[in-house]
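Everything below concerns the one structure shown next.
Every chain is numbered from 1, with letters handed out A, B, ... down the list of sequences. Just so you know, these numbers come straight off a predicted model, no measurement behind them.
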There are 2 protein chains.
Amino acid sequence: MTSRRNTIQKDLVRNTVYEMRRHVTANEVYEFIKEAYPTIGKGTVYRNLDILVEEGNLRKVEVPDGPNRFDLTLKNHYHVRCVNCGEISDVDMDEILGLLEKIHDTHGTDFLGYDILFKGICPKCQKKIKDGQIY
Amino acid sequence: MTSRRNTIQKDLVRNTVYEMRRHVTANEVYEFIKEAYPTIGKGTVYRNLDILVEEGNLRKVEVPDGPNRFDLTLKNHYHVRCVNCGEISDVDMDEILGLLEKIHDTHGTDFLGYDILFKGICPKCQKKIKDGQIY
DNA sequence: GTCTTTGCAAAACGTTTGCACGTGG
DNA sequence: CCACGTGCAAACGTTTTGCAAAGAC
């Protein structure tokens with residue numbers, strides 16, 4: 001890895017995640033920037049998101065069966081995904097301590113950390129279900 | 001949902017996951033079956049895996065940034081993914097109880113459950129690192 | 001005979017990559 | 001100047017889907 005340059009595109013990506021203040025997907029960032037800066041490439045957005053994560057400016061929230069999300073909050077916290085619409089939100093909960101010490105036998109694996117992903121139904125989708133719009 | 005039929009293909013998929021006794025991907029199941037039954041379609045494997053999960057015969061282990069896995073073990077347990085090779089293994093740990101009760105404020109979300117995915121380096125990859133084959 | 005399931009291929013989806021061109025330091 | 005970043009399009013790996021033919025009940 002050699003030295004990193006500052007570019008307009010990188011600033012745009014960082015500022016967009018900052019401005020949107022939620023768990024945005026790479027594509028949402030791309031679409032948002034394209035409004036003001038139509039020539040930006042999708043690859044550039046993906047590359048810069050990864051760089052910003054590597055530099056510790058953003059956190060990547062890896063989501064199975066759906067696009068990954070990026071957010072600003074740097075302290076460790078957990079997420080919940082709406083099983084209906086896929087929206088990701090922060091969970092208001094203290095960090096669980098000592099989880100790795102609860103492992104009985106590591107079977108030789110070197111444990112580094114963990115992610116917890118809660119499943120739930122967000123308020124908007126609860127309303128949709130009640131109104132018979134879905135299910 | 002209407003009534004389900006028993007087919008050779010569905011049996012093959014169930015038996016393959018059973019025989020392989022690890023966290024297999026849909027593609028691994030497909031390749032394995034193709035040896036003995038070359039005309040099976042990939043779509044059929046995917047469809048049957050989903051059906052078997054729905055019927056409670058298999059569990060789907062959703063993995064971010066990689067293919068989903070399927071396993072047989074039906075009691076609740078957690079998984080660890082090797083950050084190097086992506087292999088999924090079971091974690092030898094008691095189930096964490098009362099996690100949902102630790103949430104301070106649900107913000108209206110209806111919480112249904114959660115998954116924990118540990119990160120680690122499996123023994124094989126530790127050896128590769130020590131031998132200088134990677135990193 | 002009817003309705004589900006299959007096999008096949010194409011499409012969908014999120015993401016990565018190759019490469020010629022542009023730009024920051 | 002020239003290494004690094006960009007824009008564009010094509011490729012990628014996984015999964016889903018449309019549809020005619022085959023098969024279960």
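Scanning for side-chain contact (heavy atoms from CB on, under 4.5 Å) contacts around B:Arg5 gives an empty result, with sequence neighbours left out. Here B:Phe118 pairs with A:Leu99, A:Leu100, A:Ile103, A:Phe111, A:Tyr114, B:Tyr78, B:Val80, B:Val91, B:Met93, B:Ile116 under the side-chain contact (heavy atoms from CB on, under 4.5 Å) rule; sequence neighbours left out. For A:Asp50, the side-chain contact (heavy atoms from CB on, under 4.5 Å) test picks out A:Lys60, with sequence neighbours left out. Every residue meeting the side-chain contact (heavy atoms from CB on, under 4.5 Å) condition with B:Arg69, not counting sequence neighbours, appears here in chain and number order: B:His23, B:Thr25, B:Val61, B:Val63, B:Ile88. Legend: residues meeting side chain to side chain donor-acceptor pair (under 3.5 Å) with B:Asp92, ordered by chain and number and at least two apart, are absent. Remark: B:Asp11 engages B:Arg14 in a side chain to side chain donor-acceptor pair (under 3.5 Å) (not counting sequence neighbours).
Summarising the geometry, the separation between CZ on A:Arg69 and C1' on C:dC13 is reported as 14 Å, rounded to the nearest angstrom. Whole-Å rounding puts the A:Ile88 CD1 to C:dG14 P distance at 14 Å. Distance B:Glu31 CD to D:dG13 P: 13 Å, rounded to the nearest Å. With rounding to whole Å, A:Ile51 atom CD1 is found 14 Å from C:dG24 atom C1'. Here D:dC8 presents its P atom at 10 Å from NZ of A:Lys34, a figure rounded to the nearest Å. Atom CG of B:Asn27 and atom P of D:dT14 are 6 Å apart (whole Å). Atom CG of A:Asp50 and atom P of D:dG5 are 13 Å apart (whole Å). The nearest whole Å value for the distance from the CD1 atom in A:Ile33 to the P atom in D:dG5 is 17 Å.
The salt bridge (Lys or Arg N to Asp or Glu O under 4.0 Å) contacts involving residues 96-111 of chain B comprise nothing, where partners must be two or more places apart or lie in separate chains. For residues 87-108 of chain A, the set of pairs meeting the ring pair (Phe, Tyr, Trp, His ring centres under 6.0 Å) definition, not counting sequence neighbours, is empty. Applying the side-chain hydrogen bond (donor to acceptor under 3.5 Å, both in side chains) test to pairs two or more places apart or on separate chains, those with a residue in residues 29-40 of chain A are A:Gln9-A:Tyr37.
Looking at B:Glu62, its side chain never comes within 3.5 Å of a backbone N or O of B:Asp115 through a donor-acceptor pair.
Interatomic distance, NZ of B:Lys124 versus SG of B:Cys82, reported as 10.0 Å (0.5 Å rounding).
Listed in residue order, the members of residues 5-21 of chain B having a heavy atom less than 4.0 Å from DNA chain D are B:Arg5, B:Asn6. Looking at residues 36-49 of chain A, you'll see A:Tyr37, A:Thr39, A:Ile40, A:Gly41, A:Thr44, A:Arg47, A:Asn48 sit with a heavy atom under 4.0 Å from some atom of DNA chain D. Residues of residues 57-67 of chain A having a heavy atom closer than 4.0 Å to DNA chain D: none are found.
Taking 4.0 angstrom as the limit, A:Asn68 places a side-chain polar atom (N or O) nearer than this to OP1 or OP2 of C:dT15.
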